Asks: 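One structure coming up, written as structure tokens, with questions to follow.
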Number of protein chains: 2
Amino acid sequence: MTDPALAFEAHDHRTCAGDVLTRAEAISGARLTPVRRRTLEILLESHRAMGAYEVLEKLADAGFGNQPPVAYRALDYLVDQGLAHRIRRLNAFAACMHPGEAHSPAFLICKSCAAVAEAPAAAIHAALGKAAADIGFTVERANVEALGLCPTCAETES
Amino acid sequence: MTDPALAFEAHDHRTCAGDVLTRAEAISGARLTPVRRRTLEILLESHRAMGAYEVLEKLADAGFGNQPPVAYRALDYLVDQGLAHRIRRLNAFAACMHPGEAHSPAFLICKSCAAVAEAPAAAIHAALGKAAADIGFTVERANVEALGLCPTCAETES
DNA sequence: ACTTGACATGTTATGCTATAACATACGATA
DNA sequence: TATCGTATGTTATAGCATAACATGTCAAGT
Ligand SMILES: [Zn+2]
Ligand SMILES: [Zn+2]
Ligand SMILES: [Zn+2]
Ligand SMILES: [Zn+2]
């Protein structure tokens with residue numbers, strides 16, 4: 001399990017990204033085709049979330065199609081497989097930093113440096129499930145996205 | 001305080017909506033201008049969330065401008081004042097059902113009837129704040145949106 | 001070998017969501 | 001009455017997402 005805080009710290013991102021990619025290959029196998037793999041690599045270039053059109057541009061640079069469906073299909077696939085997450089607040093996508101582990105994380109988005117981390121959300125989902133159950137509502141999927149300041153930027157800004 | 005579950009039940013919605021509108025007027029005072037007031041009324045017509053363009057259409061019907069900024073400005077104002085909420089998952093807006101009370105609710109969205117309820121989220125935010133603090137992250141604003149089945153629809157579907 | 005069907009990719013075209021920038025009006029204040 | 005802040009209207013454009021159709025590939029079934 002990768003340390004969630006890593007997203008906000010200086011670290012050996014080559015290893016970090018390579019590691020995730022290796023796990024992704026193990027999960028998705030042959031169906032991680034060239035476009036999809038490249039898309040994941042693009043997301044893995046940083047700990048930021050990236051818009052579909054930004055991804056598309058980089059895909060085109062790599063010789064793939066340059067029409068929106070190319071990017072959206074690859075991104076949708078990655079999201080379906082749990083290899084990427086969609087950040088609705090940003091209309092953007094981020095690579096999942098611990099694929100394979102069942103999780104529906106809470107996203108922590110730094111408003112200053114735009115980095116996105118996945119915080120463990122078991123307790124949050126428990127609280128949400130309980131609040132919903134009190135009303136008779138059954139939760140199927142939930143997204144939790146928080147905007148704020150990461151530790152690194154909090155130091156800098158003070 | 002209005003019962004959150006009301007959104008999913010048959011109820012006297014005229015009273016329900018009128019009540020909210022009265023409270024909204026008390027909060028916003030003179031600045032709740034005709035367009036803004038009408039916008040809130042439109043949102044209050046149901047417990048669903050409504051897209052900006054759907055609102056715009058109804059505003060135009062009521063004799064207001066029919067260009068997007070008219071709707072977006074009114075909606076943004078209502079959101080700023082805590083009289084409406086933005087549901088990012090739906091790219092839509094819903095009237096706040098208990099304005100004035102400080103809250104950042106969790107939204108429960110029924111995937112069957114599209115009704116939206118605001119569940120009390122104090123415990124959820126506490127859990128989120130704690131998960132974030134563990135990483136050194138300071139939460140400023142958060143949105144929690146759950147998709148699932150409301151009690152009424154759960155009965156029907158079974 | 002031939003056919004079929006599932007899947008992946010590419011392309012065209014369009015629809016939906018949101019905002020920038022400029023123009024006009026009006027009441028409050030000095 | 002000059003000025004400022006606020007509200008509304010309008011034009012134009014930017015940004016996000018998908019429908020629908022065409023093509024290519026591979027593996028299963030005959
Ligand atoms: Zn993840
Ligand atoms: Zn930061
Ligand atoms: Zn009601
Ligand atoms: Zn329902």
Side-chain angles (χ1 to χ4, degrees), chain A residues 24-25 27-43 48-81 83-94 109 114 116 143 145 147, chain B residues 24-25 27-43 48-81 83-94 109 114 143 145:
Chain A
E25 260 164 349
I27 290 166
S28 227
R31 300 188 56 209
L32 193 63
T33 58
V35 213
R36 291 167 175 173
R37 192 198 146 97
R38 183 80 195 100
T39 302
L40 183 53
E41 285 174 4
I42 288 167
L43 291 182
R48 287 187 310 111
M50 212 174 274
Y53 279 71
E54 193 181 346
V55 170
L56 177 57
E57 209 174 309
K58 292 179 190 252
L59 283 174
D61 289 349
F64 297 100
N66 66 343
Q67 298 304 315
V70 172
Y72 278 102
R73 281 197 287 236
L75 289 166
D76 287 348
Y77 172 83
L78 295 176
V79 170
D80 279 354
Q81 299 295 308
L83 301 177
H85 296 293
R86 187 169 198 153
I87 315 289
R88 306 204 98 104
R89 190 160 189 125
L90 304 176
N91 292 324
F93 300 82
I109 307 161
V116 176
N143 59 302
E145 299 170 3
L147 201 67
Chain B
E25 260 164 348
I27 289 165
S28 228
R31 299 189 57 208
L32 192 63
T33 59
V35 215
R36 291 168 175 172
R37 192 198 147 99
R38 184 79 195 101
T39 302
L40 183 54
E41 284 174 4
I42 289 168
L43 291 182
R48 287 188 311 110
M50 210 172 275
Y53 280 71
E54 192 181 347
V55 170
L56 178 58
E57 209 174 310
K58 293 179 188 252
L59 283 174
D61 290 348
F64 298 101
N66 66 342
Q67 298 306 314
V70 172
Y72 279 101
R73 283 198 286 238
L75 288 166
D76 287 348
Y77 172 84
L78 294 176
V79 170
D80 278 354
Q81 299 295 306
L83 300 176
H85 296 292
R86 187 170 199 152
I87 317 287
R88 305 208 101 101
R89 199 168 180 117
L90 305 176
N91 290 324
F93 301 82
I109 307 162
N143 59 301
E145 299 170 4

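Note that the coordinates shown come from a computational prediction; the quantities given were computed from them, not determined experimentally. Residue numbering restarts at 1 for every chain, and letters A, B, ... go by the order of the sequence lines.
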Asks: What's the closest nucleotide to the side chain of B:V35 if the choices are C:dT17, D:dT10, D:dT8?
Replies: D:dT8

Asks: Per the atom types in the model, does the base of C:dA8 pair as donor or acceptor with the side chain of A:Y77 at under 3.5 Å?
Replies: no

Asks: Going by centres under 5.5 angstrom and planes under 30 degrees, do the aromatic ring of A:Y53 and the base ring of D:dC16 stack?
Replies: yes

Asks: What's the verdict on side-chain contact (heavy atoms from CB on, under 4.5 Å) for A:R36 and A:Q81, showing C-alpha distance, side-chain angles and the deciding distance?
Replies: CA-CA 11 Å; A:R36 291 167 175 173; A:Q81 299 295 308; over 6 Å; no

Asks: Looking for any heavy atom pair under 4.0 Å, which part of the strands does A:R86 touch: base, sugar-phosphate only, or nothing?
Replies: sugar-phosphate

Asks: When the nearest nucleotide of DNA chain D is assigned to B:N91 and to B:R73 on a heavy-atom basis, which residue is associated with the more 5' position?
Replies: B:R73

Asks: What is the distance from CG of A:L78 to P of C:dA8, rounded to the nearest Å?
Replies: 12 Å

Asks: Can you check the B:E57 CD to C:dC16 C1' distance for me, whole Å?
Replies: 13 Å

Asks: How many Å lie between CG on A:L56 and P on D:dG15, as a whole number?
Replies: 14 Å

Asks: If you measure only the distance, is there a donor-acceptor pair under 3.5 Å linking the side chains of B:T39 and B:Y77?
Replies: no

Asks: Closest approach of B:L40 and B:A24, non-hydrogen atoms and distance?
Replies: CD2-CB, 3.5 Å

Asks: Tell me the interatomic distance from A:N66, atom CG, to C:dT12, atom C1', rounded to whole angstroms.
Replies: 12 Å

Asks: Rounded to the nearest Å, what distance is computed from the CG atom of residue B:D76 to the C1' atom of nucleotide C:dT17?
Replies: 12 Å

Asks: If I take atom CG in residue B:L32 and atom C1' in nucleotide D:dT6, what distance separates them, rounded to the nearest angstrom?
Replies: 15 Å

Asks: For the backbone of A:R88 and the side chain of A:E145, can you confirm whether one donor and one acceptor N or O come within less than 3.5 Å of each other?
Replies: yes

Asks: So which nucleotide from C:dT11, C:dT19, D:dA7 ends up closest to the side chain of B:T33?
Replies: D:dA7

Asks: Check whether the side chain of A:Y72 and the base of D:dA19 form a donor-acceptor pair under 3.5 Å.
Replies: no

Asks: Could you please name the option among D:dT18, D:dA17, D:dT8 that lies closest to any side-chain atom of A:F93?
Replies: D:dA17

Asks: How far does CG of A:L83 sit from CG of A:L75, to the nearest 0.5 angstrom?
Replies: 11.5 Å

Asks: What is the distance, rounded to the nearest whole Å, between atom CD of A:Q67 and atom P of D:dC16?
Replies: 16 Å

Asks: If you only use heavy atoms from C-beta on, which nucleotide in C:dT19, D:dT18, D:dT10 is closest to the side chain of B:P68?
Replies: C:dT19

Asks: Using whole Å, what does the distance between atom C1' of nucleotide D:dA7 and atom CG of B:L75 come to?
Replies: 15 Å

Asks: Please determine, for the side chain of A:R36, which listed nucleotide (C:dT9, C:dG10, D:dG9) has the closest atom?
Replies: C:dT9

